[in-house]
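As a basis for the values below, the full set of heavy atoms in this structure was taken, side chains included, without hydrogen atoms, waters or symmetry mates. So you know, we letter chains A, B, ... as the sequences are listed, proteins then strands, and number each from 1.
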There are 2 protein chains.
Amino acid sequence: MILRFDFGTPLHTGACVLSLPVQKDPVPFLTVSALAEGAVTLSLPLGQGDMLFGLGEQVGPVNRRGRRYVSWNSDEFNHTEDRQSLYGSHNFLLVWREKEPFALYLDDPGRVRWDLGWTRRDQMTVTSENGDFSLYLIVPEDGEKVCLDLCAQFRRLIGRSYIPPRWALGYIQSRWGYASAEDAREVAHAHRERGIPLDGICMDIDYMDGFRDFTWDHKAIPDLKGLCGDLKEQGIHLIPIIDAGVKKDPKYDFYREGHEKGYFCRKEDGEEFAAAVWPGLSAFPDFFRREARAWFGKGYEALLDEGLDGFWNDMNEPALFYSPEGLREAFGALEGRREALETGDYGAAFEMLGAVGGVKNAMADYRRFYHETDLGKTRHDRVHNLYGGLMTLSAAEAFERAAPEKRILLFSRSSFIGAHRWGGVWMGDNFSWWSHLKLHLRMLPSLNMAGFLYCGADVGGFGADTDEELLIRWLQLGVFTPLFRNHSALHTRLQEIYRFPAWETMRDIVSVRYALLPWLYSELMQAILWDRMLFRPLCFDYPRDETAREIEDQMMLGRDAMIAPVTEPHATGRNVYLPEDMLCVRFRTWEDRDLIRLPAGWHYVRAKEAEFLLFVRRGSFIPLCRPADRSDYVSTDSMYLVGWLGGEDAALPFYEDDGTVRDPEKEKGLSTLKAGKGWAWDPKGRKLDTAGLC
Amino acid sequence: MILRFDFGTPLHTGACVLSLPVQKDPVPFLTVSALAEGAVTLSLPLGQGDMLFGLGEQVGPVNRRGRRYVSWNSDEFNHTEDRQSLYGSHNFLLVWREKEPFALYLDDPGRVRWDLGWTRRDQMTVTSENGDFSLYLIVPEDGEKVCLDLCAQFRRLIGRSYIPPRWALGYIQSRWGYASAEDAREVAHAHRERGIPLDGICMDIDYMDGFRDFTWDHKAIPDLKGLCGDLKEQGIHLIPIIDAGVKKDPKYDFYREGHEKGYFCRKEDGEEFAAAVWPGLSAFPDFFRREARAWFGKGYEALLDEGLDGFWNDMNEPALFYSPEGLREAFGALEGRREALETGDYGAAFEMLGAVGGVKNAMADYRRFYHETDLGKTRHDRVHNLYGGLMTLSAAEAFERAAPEKRILLFSRSSFIGAHRWGGVWMGDNFSWWSHLKLHLRMLPSLNMAGFLYCGADVGGFGADTDEELLIRWLQLGVFTPLFRNHSALHTRLQEIYRFPAWETMRDIVSVRYALLPWLYSELMQAILWDRMLFRPLCFDYPRDETAREIEDQMMLGRDAMIAPVTEPHATGRNVYLPEDMLCVRFRTWEDRDLIRLPAGWHYVRAKEAEFLLFVRRGSFIPLCRPADRSDYVSTDSMYLVGWLGGEDAALPFYEDDGTVRDPEKEKGLSTLKAGKGWAWDPKGRKLDTAGLC
């Protein structure tokens with residue numbers, strides 16, 4: 001059951017698809033207090049064993065209790081443990097406690113602060129700085145698995161998640177620095193030549209003509225359509241980046257049109273707002289306006305015409321390097337302190353660093369421009385967290401117009417709940433740190449709760465220099481995440497698999513992904529179509545298992561599987577907790593694998609560098625298929641089952657479709673794989689390989 | 001056996017106390033190549049199972065293979081995983097391999113780059129940028145425990161480690177922000193009132209008169225001697241910070257004397273070098289000169305006269321906020337790009353950030369000044385890594401003059417090998433991150449290898465805001481480290497134990513430290529006097545145990561114990577690997593503890609938030625004493641043994657002295673505790689409590 005309460009004058013954010021009546025009764029569970037300047041605080045006493053889950057894209061443990069967070073979409077490169085905001089804001093929180101568990105969702109486009117037992121461990125407070133929001137309270141309807149129920153109810157409230165094309169589950173290679181057709185062809189060739197599977201190549205900002213959206217450098221890419229076609233023949237999709245800011249350049253048609261039609265955000269005095277991003281001074285489309293979205297969407301449509309069918313939206317928090325106003329203020333501050341600086345005044349020195357560093361993503365700039373929302377002229381900071389998601393909507397609406405039948409790949413850096421219906425997300429600009437490999441794993445369930453199923457982090461790490469072992473271990477996690485992209489930043493170590501001596505090991509890992517792809521696709525699609533999570537903390541499935549509550553380095557995957565990646569350097573194994581009997585599949589290649597039957601409890605399981613682990617519940621199985629170096633060559637014509645049936649018959653719901661149709665009929669794609677002692681077949685009556693069943 | 005090879009013209013750094021003949025034969029193991037500009041590279045092929053240990057104070061795993069490091073003492077606040085330099089440089093590396101294991105030490109005062117299998121996993125290269133250094137190669141002499149042997153030989157080469165006073169093993173409370181006598185008295189009172197043990201209070205920079213070394217703010221501290229005396233009556237020592245930079249202020253006597261006598265570093269043109277640090281423009285003593293050290297040391301002597309007997313040296317890399325020259329250059333760069341900035345040129349924006357951010361600890365500044373070394377006028381960057389340690393020597397020489405019989409507490413931020421004879425170190429400005437709790441543990445053995453036994457990290461974390469659970473878990477590690485200091489930065493959450501609702505839990509943890517203190521002191525002193533490590537990776541003690549090689553979150557402690565702290569939020573236990581049968585002591589308070597006999601192998605061991613674990617090898621025991629709230633009240637008159645004898649008799653070498661005498665006779669302090677079934681006594685014939693023996 002979901003109850004809605006309104007505070008102040010909520011904006012219609014589009015996050016929810018169910019239109020619920022507004023309750024007039026007092027809010028249960030939470031104590032509501034009004035603060036100064038319109039802010040509203042919701043507070044809740046916390047009992048000793050209470051656990052808090054959710055908040056989507058944030059650093060920190062899966063159980064978020066004891067920490068502080070701020071919903072404020074931020075271009076935050078330095079994801080250290082104390083960061084309170086990343087690129088997306090996902091105001092869903094699940095309060096799991098013995099008595100009266102519930103979940104809450106703040107449909108609030110502005111800044112929200114979450115003190116989840118940090119100031120006082122027995123108290124949680126949530127503060128909406130605007131004070132204008134809809135609060136949804138979700139209480140369990142049935143079943144013992146309360147968390148799963150609460151998440152499913154929430155997902156019904158916010159609507160069906162984005163469905164990617166099946167090929168988007170293939171391996172994607174990306175790097176900030178790919179600038180030309182030659183670069184793309186070389187990457188394609190290097191993979192194909194070595195048999196490293198590949199379905200996509202992401203082009204970062206350098207492919208553009210001076211960083212102008214929807215353009216490309218015609219010298220470097222003389223024939224985009226030809227390039228797309230050639231690559232597609234090899235099964236490889238080109239995926240360009242699109243940034244939120246549009247270069248303020250009167251000679252640039254796209255800008256001129258947006259400017260003339262008044263589609264850009266304006267300052268209070270009506271002047272077009274501008275700030276520096278990659279192209280230099282840029283204007284920012286007012287994605288709150290349908291007609292601005294339609295205009296911006298035409299850019300995507302034009303690229304679709306060139307043969308592109310995948311996009312990533314970036315810089316859409318929006319990131320602002322600086323505004324001319326902010327810069328002038330910083331210079332002014334410097335000038336005023338110059339004399340003090342000369343005397344060695346350390347305070348002045350820190351002011352100088354602060355003033356100059358503070359020009360980036362400055363709150364003052366987010367207060368300089370306005371949107372036209374359904375509440376009228378609205379200052380950006382009050383609706384900041386919607387901006388990136390509405391850019392995603394602009395693309396989705398364009399795809400709907402231009403290719404209503406076809407799925408287009410789309411993922412974004414910035415997001416809010418609602419945008420999960422229009423695209424996926426990647427986890428932003430992480431680093432080549434082992435701790436970010438762990439973070440990748442930990443963020444999966446909270447993003448799933450918020451509706452983002454097509455997601456993943458930059459495998460190998462974006463910033464800083466990776467090393468071979470880290471990349472291998474990270475690929476072994478990426479194998480299981482829907483978005484499986486290797487991406488790295490300019491000036492960092494080259495990170496394509498083929499750059500490393502151990503590329504064959506890496507190729508074999510990616511090949512396992514392709515062997516698992518039909519099963520992963522089936523699990524992902526079922527999670528999308530039936531409002532389930534693909535990745536879940538163990539305790540969601542095993543609510544009475546107290547040990548399971550603390551396991552944050554393993555995740556349940558799909559209906560019956562569990563992953564437990566190695567996340568420490570030099571390790572040749574790890575401790576794994578099994579909440580029930582499971583089969584451990586230890587992969588070296590998709591064919592060379594060990595099957596180990598393990599009883600419930602703790603086990604130290606070997607997993608040397610070239611090995612990785614997948615666990616399957618006893619009484620179930622998973623299907624593997626013969627891999628290929630492109631996803632469309634991986635078919636379900638022959639399936640190899642692995643599982644531990646222990647003499648019983650077992651069945652696995654299996655979803656399949658053509659991988660491209662926008663709105664699949666969910667029942668039509670669903671069938672059942674069945675297996676027992678010495679036999680297994682699919683619903684078409686084809687026999688399946690049972691050598692991996694025990 | 002140790003072989004010495006000289007390259008170029010090595011400076012006498014004072015790191016080694018043995019004077020070994022210089023070999024003329026070719027260097028074994030390593031391939032030596034000369035690079036451009038005088039640099040010299042040593043390279044070594046790495047076999048698959050080879051492991052690399054050492055490098056003292058650095059981030060990353062205990063086994064350092066696969067990573068890059070740079071020996072360059074750095075004031076580096078943001079200790080993320082990819083940092084390659086911290087505050088100290090410790091050029092000792094142990095190459096553990098099946099055939100011909102060895103260790104190497106580069107006695108090199110300049111910048112050294114370590115590529116430990118990062119570029120190529122099968123290759124290690126060490127590059128001395130100066131090319132002037134002594135290389136020591138150590139080969140095993142005897143025994144199966146090769147790593148322990150190599151470390152012990154190295155420690156004999158570099159001489160006996162600093163001996164702290166016994167009270168320095170007590171709990172120390174510190175905070176950047178304590179500024180007055182009132183602050184110190186309040187901290188003392190708040191601890192004493194609640195029975196939280198305390199032996200020291202650190203005063204950070206704010207106690208000084210305008211950040212001038214060896215002064216204090218007479219308004220805030222009208223009677224320093226009285227304050228010291230009052231606190232000492234309560235068993236609490238005041239420990240002031242001393243910074244490397246001396247305020248360039250002609251009205252400040254100490255500066256004037258240094259200036260007039262020419263003790264400060266000069267630029268090439270002979271002018272005194274100045275850079276901004278906390279006091280504003282400051283001059284930097286040339287600690288390479290004995291007479292400059294003697295002059296600077298008089299400052300410590302004057303404070304000794306006030307009753308102080310502990311010091312921490314800081315900012316001695318040296319940290320430089322900026323030099324006037326560097327600042328002018330940065331401003332110049334800004335001016336030149338101002339026009340570009342106005343057009344939103346992102347390149348110019350990053351240049352601006354780079355120019356302003358780059359004024360701090362700039363290499364250009366480290367090349368602006370000179371020292372007088374035994375090689376004559378020497379540019380600072382060529383001997384940079386010695387600077388902080390020579391400041392420590394300046395203090396140590398002063399103590400030798402002023403209080404030759406007494407131990408004075410001294411620890412430093414910056415260090416090199418050699419300085420381990422004069423003082424301890426803390427691990428620098430860490431953060432309130434769980435990963436830094438882990439780093440604290442991991443850095444202990446490498447610092448021990450480098451001779452730094454009196455060491456520890458800022459418990460609770462210096463930067464960022466701690467939370468109660470993190471502080472509790474960190475205290476549970478700090479209990480075992482010789483330096484046990486809670487320290488935090490200005491503007492962060494107040495971090496004294498008594499600020500938290502769970503202060504009683506924290507008090508009980510600290511009380512266990514005091515119950516263990518005589519044993520810890522005995523183990524520390526034995527490690528110092530017999531050139532052993534206090535903390536060791538498991539594989540050093542169990543070289544044939546392959547699992548032990550991967551365990552980096554447990555450490556052997558002293559002769560027979562092992563620690564395994566909980567380093568994850570929300571955990572109520574952890575997996576522990578026992579290389580042999582051990583007794584697990586699970587502490588809640590020093591008296592309320594569980595004794596669990598565990599066989600060798602993996603175990604999931606419960607350790608709820610208020611509980612922590614100590615393991616003791618089967619066949620041995622450790623003594624506990626009745627704790628007090630100050631270390632001098634903890635006596636060995638009554639001892640409670642805990643251990644798992646299993647029917648056998650056992651003996652423990654036990655060291656004790658008065659805790660203050662500078663140069664203890666090592667044999668005199670050593671005795672043996674003996675225990676068997678139902679009996680135990682100390683060498684004085686006193687009966688010991690055997691209720692904890694099984």
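Under the salt bridge (Lys or Arg N to Asp or Glu O under 4.0 Å) criterion, A:D249 pairs with A:R212, not counting sequence neighbours. For B:W433, the ring-ring contact (aromatic ring centres under 6.0 Å, His included) criterion is met by B:F431, B:H436, not counting sequence neighbours.
In terms of non-hydrogen atom pairs under 4.5 Å with chain B, the most contact-rich of A:F331, A:W434, A:F321 is A:F331. The most heavy-atom pairs under 4.5 Å with chain B, out of A:K247, A:E546, A:R606, A:K248, come from A:R606. Taking A:A571, A:A464, A:P569 one by one and counting their heavy-atom pairs under 4.5 Å with chain B, the maximum is reached by A:A571. Options A:T572, A:D467, A:N78 differ in how many heavy-atom pairs under 4.5 Å they form with chain B, and the most are formed by A:T572.
Residue A:E325 does not touch chain B at all, counting heavy-atom pairs closer than 4.5 Å. B:F211 touches chain A through its side chain: at least one heavy atom from C-beta onward sits under 4.5 Å away, while N, CA, C and O do not. Using a 4.5 Å cut-off between heavy atoms, A:P61 contacts chain B through its side chain alone, with no backbone atom that close. Contacts of A:E81 with chain B are made by both backbone and side-chain atoms, with heavy-atom separations under 4.5 Å. Neither the backbone nor the side chain of B:Q84 comes within contact range of chain A, judged by heavy atoms closer than 4.5 Å.
The CZ atom of A:R67 sits 10.0 Å away from the CD atom of B:E469 when rounded to the nearest 0.5 Å.
With hydrogens and angles disregarded, no donor-acceptor distance shorter than 3.5 Å links the side chain of B:W118 to the backbone of A:E468. Using modelled atom types, one side-chain atom of B:Y322 and one backbone atom of A:L341 make a donor-acceptor pair closer than 3.5 Å. Without hydrogens or angle criteria, A:R493 side chain to B:T119 main chain gives a donor-acceptor distance under 3.5 Å.
Aromatic ring orientation, B:F350 versus A:W278: tilted (interplanar angle from 30° to 60°).
B:R442 has a carboxylate O that lies under 4.0 Å from a charged side-chain N of A:E568, or vice versa, which qualifies the two as a salt bridge.
The closest side-chain heavy-atom distance from A:H570 to B:R549 is not below 4.5 Å. At a threshold of 4.5 Å between non-hydrogen side-chain atoms, the residues A:S435 and B:S435 do not count as touching.
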